[in-house]
Structure formats: structure tokens, C-alpha cells
Protein chains: 2
Amino acid sequence: MKLRGYEDARSGWTDDTQQLDATFAALADPTRRAILARLASGDATVTELAKPFRMSQPAISKHLKVLERAGLVSRRREAQRRPCRLEARPLRTAVDWLEDYRRFWGESYRRLDTLLDELRSVEGPT
Amino acid sequence: MKLRGYEDARSGWTDDTQQLDATFAALADPTRRAILARLASGDATVTELAKPFRMSQPAISKHLKVLERAGLVSRRREAQRRPCRLEARPLRTAVDWLEDYRRFWGESYRRLDTLLDELRSVEGPT
DNA sequence: CAGCTTCATAACTAGTTGGTTATATCGCTG
DNA sequence: CAGCGATATAACCAACTAGTTATGAAGCTG
């Protein structure tokens, strides 16, 4: 099986590369993951989002900018407010990438592996 | 639906937090993703891994250390070599987190949503 | 043991990140 | 229009990142 990424090492990268860079980088911060979790239950303004954190409002604004550049959040205007909305599509790209590795962590992998070994030993070496 | 992360904002974080931080941070670099992709096709030594990159060997060693601290790679000794093996279990944790957002990107979400609306309108308001 | 290969470590650098405080802008509302 | 609430921006800082070169250690192999 061929997984995405390695052959592109010197020739430049795959199309999704920048998207994956931005997405994973955005997800690497617990504050930002918490913000996404909050937005999953509905749109929210900056101050609403900032409330539960022990962090200044500008700090949250910065996190939101990171999420926005990664395409994980969009914002509209509403008077002085800037409500944020979850845009999860980039997460799909991330999951798609991760899914390629599913067989390396599941029990099913080990089971499939053993099964293949058994089949091979029945049929004898090629 | 309640998603993981937000309520922990001031009380400290969920158990997986550190793991997710490390995993997503590790995945945010295209070189490291490429290394994982390579390892998915079998164990490899440091120099083997370094070959396709325009990067020095110490640079690769550093990337490997990042992957190792995130638990995504393990290494054994074999004479002077240090073959690396893919350890994908942390990826499962990452996917588990991401799966919570599935309904925000899929068409199936819209469909499920409409379905629920229909059910509700059939049964009348509670 | 001399020397090659494999890999790690140290020391340095430039750029990025995640936070701060202070200040400016925008848009209601009295 | 004064003033307040909501948000963004600027300037600054400490810590971390991703790379470099130079060097050292471990372990084969002639």
C-alpha cells in the first residue's frame, strides 16, 4: 500500500500539504481545540469564547485568527460582534490522511496479519 | 452533544490533552508526515529515512525524536543502526477526537439533520 | 587497531508561537 | 455626540522550532 507523502519529499509536496500543515498546527493547541468544541454546540462571539479561559481577550483573538487561517472557523459581522462558526471541512482532510494508518493501530490489523500468514502457510511459499 | 475540551478550560485539561498536543504537533510538519508514510511500508534506519530529503542527517534525527516523544515511532538497536518502527496508536486517539466533528462536514450530517427534523414534525413538539 | 559507517549531541541562528499590556476602531445607545 | 461594549492591532517578550555545521561515540570490518 502506498501512503501519501514520502515520494514528494524532494519534488515539492502534495496538494493538501499546506492544508494539513495548517490544520494539524491549529489542532496542536488545547485552547484552540476547546474553542472548536465550544463552537460545535453553536456559533459564539469572541467574548463568549474568551470567558472560560484565564487568558486575555487578545490572546483569544489570536487563536481565532489561527483557526480562521486554517479554515476551521469563519466569521460574520453582527453589529459590534464577530460571531464565529465552526467550519469542519479541513478536519475531514485531516481524518482522510489519518485513515490510511487505521490498519496500523486496530486489532483488526493484527487479525488480518495473522490471517494472511495462515493463508500463506497453507498455500506454501511463492 | 457535548464535545471534549471546553469545560476543562480553567480546571486543567482532559487526560488525552498532552497526547493530542504532541500528536497534532508532530503531524503538523510535512517532513514528519512523510517519514510516517515511509514507515508504514516497513521499518527503516535513520539514513534510509534521510535519503529522499534535501536535509541534513541531524535534522532527520531531530524529527525522529519529535515523533518518538509523541509515541508515533519506536526504535530498536541493531548493530550501529537504529531501525524505526511506526507506532500508530496515538493516531487513533487523534482520530477519535476528530470523529466527534464528523457530523459537521459530511453530507450525512445534513441528511441526519433533516431526518431528525422530519421525525420531530411527525411526532409534534414535545 | 585503523578506519568507515551510522547515528546522536552540542552550539548556534533565524523565524515562529503564545502570551502580555496598551491603544485604536467600530457601532450601539442614551 | 459622549460614552460604553466588543473586537482588532501594535509592540514587546520568552520560549520553542527547524534548520545548520562540527564533533563525538558506538560498532562493524579489513
Side-chain angles (χ1 to χ4, degrees), chain A residues 5 8-10 12-13 17-18 20-36 38-39 42-70 72-85, chain B residues 5 8-10 12-13 17-18 20-36 38-39 42-70 72-85:
Chain A
D8 316 303
R10 54 172 145 249
W13 303 93
T17 304
Q18 313 247 351
L20 288 170
D21 287 4
T23 305
F24 285 131
L27 296 178
D29 185 287
T31 303
R32 288 193 292 262
R33 288 198 304 276
I35 289 176
L36 294 180
R38 165 61 185 81
L39 289 178
D43 299 5
T45 69
V46 177
T47 25
E48 279 166 9
L49 288 170
K51 201 143 305 173
F53 298 98
R54 280 208 254 79
M55 204 176 299
S56 66
Q57 167 263 314
I60 300 294
S61 280
K62 279 194 180 182
H63 281 304
L64 287 173
K65 189 173 288 182
V66 172
L67 290 168
E68 200 176 13
R69 279 192 311 136
L72 288 162
V73 149
S74 67
R75 349 180 50 170
R76 59 185 193 284
R77 297 217 61 109
E78 195 172 275
Q80 326 100 36
R81 309 271 158 73
R82 307 289 314 277
C84 302
R85 159 179 307 255
Chain B
D8 315 304
R10 54 175 144 248
W13 302 93
T17 303
Q18 313 248 350
L20 288 171
D21 286 4
T23 304
F24 285 131
L27 295 178
D29 186 288
T31 303
R32 287 193 291 262
R33 287 198 305 276
I35 289 177
L36 293 180
R38 164 62 184 80
L39 289 178
D43 298 6
T45 69
V46 177
T47 26
E48 279 166 8
L49 288 171
K51 201 144 303 171
F53 298 99
R54 281 208 252 77
M55 204 176 299
S56 67
Q57 167 262 313
I60 300 293
S61 279
K62 279 193 180 186
H63 282 303
L64 287 172
K65 189 173 290 185
V66 173
L67 290 168
E68 201 177 11
R69 278 190 313 137
L72 288 163
V73 150
S74 67
R75 347 179 52 168
R76 60 184 192 286
R77 300 216 59 112
E78 195 172 272
Q80 325 102 38
R81 316 274 155 64
R82 307 289 314 276
C84 302
R85 160 179 306 253

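Please read these numbers as outputs of a predicted model, since none were measured by experiment. Residue numbering restarts at 1 for every chain, and letters A, B, ... go by the order of the sequence lines.
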Q: Hey, is the side chain of Thr45(B) poking within less than 4.0 Å of OP1 or OP2 on dC7(C), counting only N and O atoms?
A: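 Yes, Thr45(B) has a side-chain N/O under 4.0 Å of OP1/OP2 on dC7(C).
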Q: Whole Å only: how far is the CD1 atom of Ile60(A) from the C1' atom of dT9(D)?
A: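 So the CD1-C1' distance, Ile60(A) to dT9(D), works out to 16 Å.
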Q: Side chain to side chain contact (heavy atoms under 4.5 Å, CB included) with Ile35(B): which of Val66(B), Leu67(B), Leu72(B)?
A: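 Single side chain to side chain contact (heavy atoms under 4.5 Å, CB included) partner of Ile35(B) among Val66(B), Leu67(B), Leu72(B): Leu67(B).
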Q: Does dT9(C) have its OP1 or OP2 closer than 4.0 Å to a side-chain nitrogen or oxygen of Lys62(B)?
A: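 No.
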Q: Specify the closest pair of heavy atoms between Thr31(A) and Met55(A), including all atoms of both residues, with the distance to one decimal.
A: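 Closest approach of Thr31(A) to Met55(A): OG1-CE, 3.6 Å.
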Q: OP1 or OP2 of dA8(C) sitting under 4.0 Å from any side-chain N/O of Arg75(B)?
A: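 Yes.
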Q: Taking only the side-chain nitrogens and oxygens of Lys65(A), find out if one of them lies under 4.0 Å from OP1 or OP2 of dT7(D).
A: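 Negative; the distance criterion is not met.
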Q: Only one of Arg85(A), Lys62(A), Arg75(A) forms a salt bridge (Lys or Arg N to Asp or Glu O under 4.0 Å) with Glu68(A), so which one is it?
A: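 That would be Arg75(A); it is the only one of Arg85(A), Lys62(A), Arg75(A) passing the salt bridge (Lys or Arg N to Asp or Glu O under 4.0 Å) with Glu68(A).
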Q: If each of Arg77(A) and Val66(A) is mapped to the nucleotide of DNA chain C with the nearest heavy atom, which maps nearer the 5' terminus, i.e. the 5' end?
A: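 Final value for this comparison: Val66(A).
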Q: Asp29(B) CG to dT17(C) P: how many Å, rounded?
A: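 Distance check: Asp29(B) CG to dT17(C) P gives 12 Å.
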Q: For Arg69(B) and Ala59(B), find the nucleotide of DNA chain D closest to each by heavy atoms; which residue's nucleotide sits nearer the 5' end?
A: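 Upstream on the strand: Arg69(B).
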Q: Would you say dG19(C) has OP1 or OP2 under 4.0 Å from some side-chain N or O of Arg54(A)?
A: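 No, Arg54(A) has no side-chain N/O under 4.0 Å of OP1/OP2 on dG19(C).
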Q: Which listed nucleotide (dA6(D), dG18(C), dA8(C)) is nearest to the side chain of Pro58(B)?
A: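 For the Pro58(B) side chain, the nearest candidate turns out to be dA8(C).
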Q: If you check every side-chain atom of Gln80(A), which of dC28(C), dG18(C), dC7(C) has the closest atom?
A: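 So the nucleotide nearest the side chain must be dC28(C).
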Q: Quick one: is Ser61(B) getting a side-chain N or O under 4.0 Å of the dT9(C) phosphate, OP1 or OP2?
A: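 No, outside the criterion.
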Q: At less than 4.0 Å, is any side-chain N or O atom of Arg32(B) found next to OP1 or OP2 of dA18(D)? Yes or no.
A: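 Answer is yes, contact under 4.0 Å.
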Q: For Thr47(B), does its backbone N or O pair with a side-chain atom of Arg81(B) as donor and acceptor, under 3.5 Å?
A: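 Checked: no pair found.
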Q: Side chain of Gln57(A), base of dA6(D): donor and acceptor closer than 3.5 Å?
A: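 Side chain to base: no pair present.
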Q: Using whole Å, report how far CD of Glu68(B) lies from C1' of dC7(C).
A: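 Answer to the nearest Å: 13 Å.
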Q: With a 4.0 Å limit, can you tell me whether Arg81(B) has a side-chain N or O closer than that to the phosphate oxygens OP1/OP2 of dT5(C)?
A: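 So the side-chain polar atoms of Arg81(B) never come under 4.0 Å of the phosphate oxygens OP1 or OP2 of dT5(C).
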Q: Give a yes or no on whether the backbone of Ala26(B) and the side-chain of Arg69(B) come within a donor-acceptor separation of less than 3.5 Å.
A: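 No: the side chain of Arg69(B) does not pair with the backbone of Ala26(B).
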Q: Ser56(B) side chain: which of dT20(D), dG27(C), dA22(C) is closest?
A: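 So the nucleotide nearest the side chain must be dT20(D).
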Q: In whole Å, what is the span from the CZ atom of Arg82(A) to the C1' atom of dG27(C)?
A: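 Roughly 13 Å, once rounded to whole Å.
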